[in-house]
There are 2 protein chains.
Amino acid sequence: MLSKKTKYALHALTYLGKHKDEGTVLIHDIAEEYGISHKFLENILLELRKAGYLGSKKGKGGGYYLIKEPKDIPLSRIIRLLDGPIALLPCVSLNYYEPCSECKDEFKCGINKVMVQVRDETLKILENKSLADILSGE
Amino acid sequence: MLSKKTKYALHALTYLGKHKDEGTVLIHDIAEEYGISHKFLENILLELRKAGYLGSKKGKGGGYYLIKEPKDIPLSRIIRLLDGPIALLPCVSLNYYEPCSECKDEFKCGINKVMVQVRDETLKILENKSLADILSGE
DNA sequence: ATAAACCCTATAAAATAAATAGGGTTTATA
DNA sequence: TATAAACCCTATTTATTTTATAGGGTTTAT
């Protein structure tokens with residue numbers, strides 16, 4: 001399951017996508033719309049901005065706005081950013097690899113081999129779904 | 001990511017699959033093979049037995065053994081048993097459904113719609129990989 | 001009888017996720 | 001130029017979940 005952080009990030013991106021022609025959007029408005037803690041959401045938006053998905057304007061009249069096209073924001077990226085690995089085991093993660101301590105030889109491990117396949121097929125799904133798909137369903 | 005519980009369950013099932021013609025297998029032997037705590041593994045094997053994947057024999061000379069064909073043990077079942085939902089959000093889980101508190105109308109939620117698709121495609125992958133696939137990779 | 005081995009429930013420890021706190025900086029505007 | 005609005009940043013606390021341990025109970029071959 002996704003963490004609440006990632007779920008809230010998706011909600012925020014959706015909201016920003018729906019209001020992309022209205023200039024900046026306040027954290028406050030997003031937080032209120034979904035009943036999310038203002039401060040918790042603030043941290044999430046900060047991460048999304050640092051990762052290059054959002055822009056922000058400081059000071060009075062400021063706020064956040066999308067700086068990428070919804071079609072260029074795949075689920076896989078958002079999940080990795082906020083939740084970490086998509087792979088089911090550390091030993092098959094492309095971005096967060098770690099060996100499994102109980103495994104003598106990764107290349108002789110049947111679990112490893114199957115999980116590589118699962119990872120590749122799962123990734124295909126998550127790379128092909130983007131914020132644009134979410135927006136077109138609203 | 002899978003919990004260690006699920007990962008250990010897969011190791012145990014793999015071990016039992018490899019030794020299926022040798023009668024019962026001791027918890028101790030599996031725990032030693034993978035460096036897993038005996039007691040932690042015991043709980044896992046207990047769950048697998050209660051769920052109908054393993055049989056056990058009590059008393060001296062007892063142990064565990066597979067009572068299903070490896071091809072009839074899909075990853076999806078093991079993951080659901082030990083880790084819970086496969087869906088990425090509670091609102092799209094088939095077996096562990098819960099509404100999202102922040103969502104006014106699930107049927108108008110673009111995230112929900114996309115996640116239903118992700119769930120179905122992911123499930124297809126995990127239902128089509130079984131212990132047999134793991135064993136053939138060892 | 002005895003020791004080996006699984007059975008079962010409860011609890012503790014560790015790790016992670018979720019939320020909160022509190023002040024800092026920037027900027028439009030009166 | 002004072003003010004208030006709004007984002008910026010780091011640290012800490014709280015809650016939840018995961019991982020591991022504890023301790024005895026029951027069954028069974030020898």
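Lettering follows sequence order; numbering is per chain, from 1. This is a predicted model, so every value here is computed, not measured.
For A/S56, a side-chain nitrogen or oxygen approaches OP1 or OP2 of D/dC8 to under 4.0 Å. Side-chain N/O atoms of B/S37 include one lying less than 4.0 angstrom from OP1 or OP2 on D/dT21. Considering only side-chain N and O atoms, A/Y64 lies under 4.0 angstrom from the phosphate OP1 or OP2 of D/dC8.
With a cut-off of 3.5 Å on both pairing distances, the Watson-Crick or G-U wobble partner of C/dT29 is D/dA2. When both pairing distances are held under 3.5 Å, D/dT28 makes a Watson-Crick or G-U pair with C/dA3. Under the Watson-Crick or G-U wobble criterion, with both distances below 3.5 Å, C/dT11 is paired with D/dA20.
Of the charged side-chain nitrogens involved, none lies within less than 4.0 Å of a carboxylate oxygen, so that B/K50 and B/E47 do not count as a salt-bridged pair. With respect to the salt-bridge test (charged N to carboxylate O, under 4.0 angstrom), the residues A/K129 and B/E121 qualify.
Contact annotation for B/L45: no contact, since no heavy-atom pair falls under 4.0 Å across all strands. Backbone-only contact: A/K50 has heavy atoms under 4.0 Å from sugar-phosphate atoms and none from a base.
Candidate nucleotides C/dC8, D/dT19, D/dC8 were compared by shortest atom distance to the side chain of B/R49, and C/dC8 ranks first. With distances taken from any side-chain atom of A/K4 to the nucleotides C/dA28, C/dC6, C/dA18, the minimum falls on C/dA18. Taking only side-chain atoms of A/L46, from C-beta outward, the nucleotide of D/dT10, C/dC6, C/dA18 with the closest atom is D/dT10.
Between the side chain of A/K39 and the base of C/dG22, a donor-acceptor pair under 3.5 Å is found. One cannot find a donor-acceptor pair under 3.5 Å joining the base of C/dC6 and the side-chain atoms of B/E42. Within 3.5 Å, no donor on the side chain of B/D83 pairs with an acceptor on the base of D/dT18, nor the reverse.
Remark: C1' of C/dC6 and NZ of B/K58 are 7 Å apart, rounded to the nearest angstrom. Following rounding to the nearest Å, B/M1 (CE) and D/dT19 (C1') show an atom-to-atom distance of 15 Å. In this structure, CZ of B/F40 is placed 19 Å from P of C/dT11, rounded to the nearest angstrom. When rounded to the nearest whole Å, the span between CG of A/L54 and P of D/dA6 equals 18 Å. Between A/L16 atom CG and D/dC7 atom P the separation is 11 Å, expressed in whole Å. Taking atom CG on B/L82 and atom C1' on D/dT18, their separation rounds to 13 Å, with Å as the unit. Atom-to-atom, NZ of A/K57 to P of D/dA6 comes out at 11 Å; the value is rounded to the nearest Å. The OH atom of A/Y8 sits 14 Å away from the C1' atom of C/dT20 (whole-angstrom rounding).
Of the residues near DNA chain D, B/N43 and A/H38, the one whose nearest nucleotide (by heavy atom distance) lies more toward the 5' end is A/H38. Nucleotides of DNA chain C nearest to B/G62 and A/T6 differ in position, and the one nearer the 5' end is that of B/G62.
Side-chain atoms of B/L66 and B/L131, non-hydrogen and from C-beta on, do get closer than 4.5 Å to each other. Between B/L46 and B/Y64, some side-chain heavy-atom pair lies under the 4.5 Å cut-off. For the pair B/M115/A/L2, a side-chain contact is recorded, criterion being any heavy-atom separation below 4.5 Å from C-beta on.
When hydrophobic clusters are built by joining Ile, Leu, Val, Met, Phe, Trp and Tyr residues whose side-chain heavy atoms come closer than 4.5 Å, directly or via intermediates, A/Y34 is not grouped with A/Y65.
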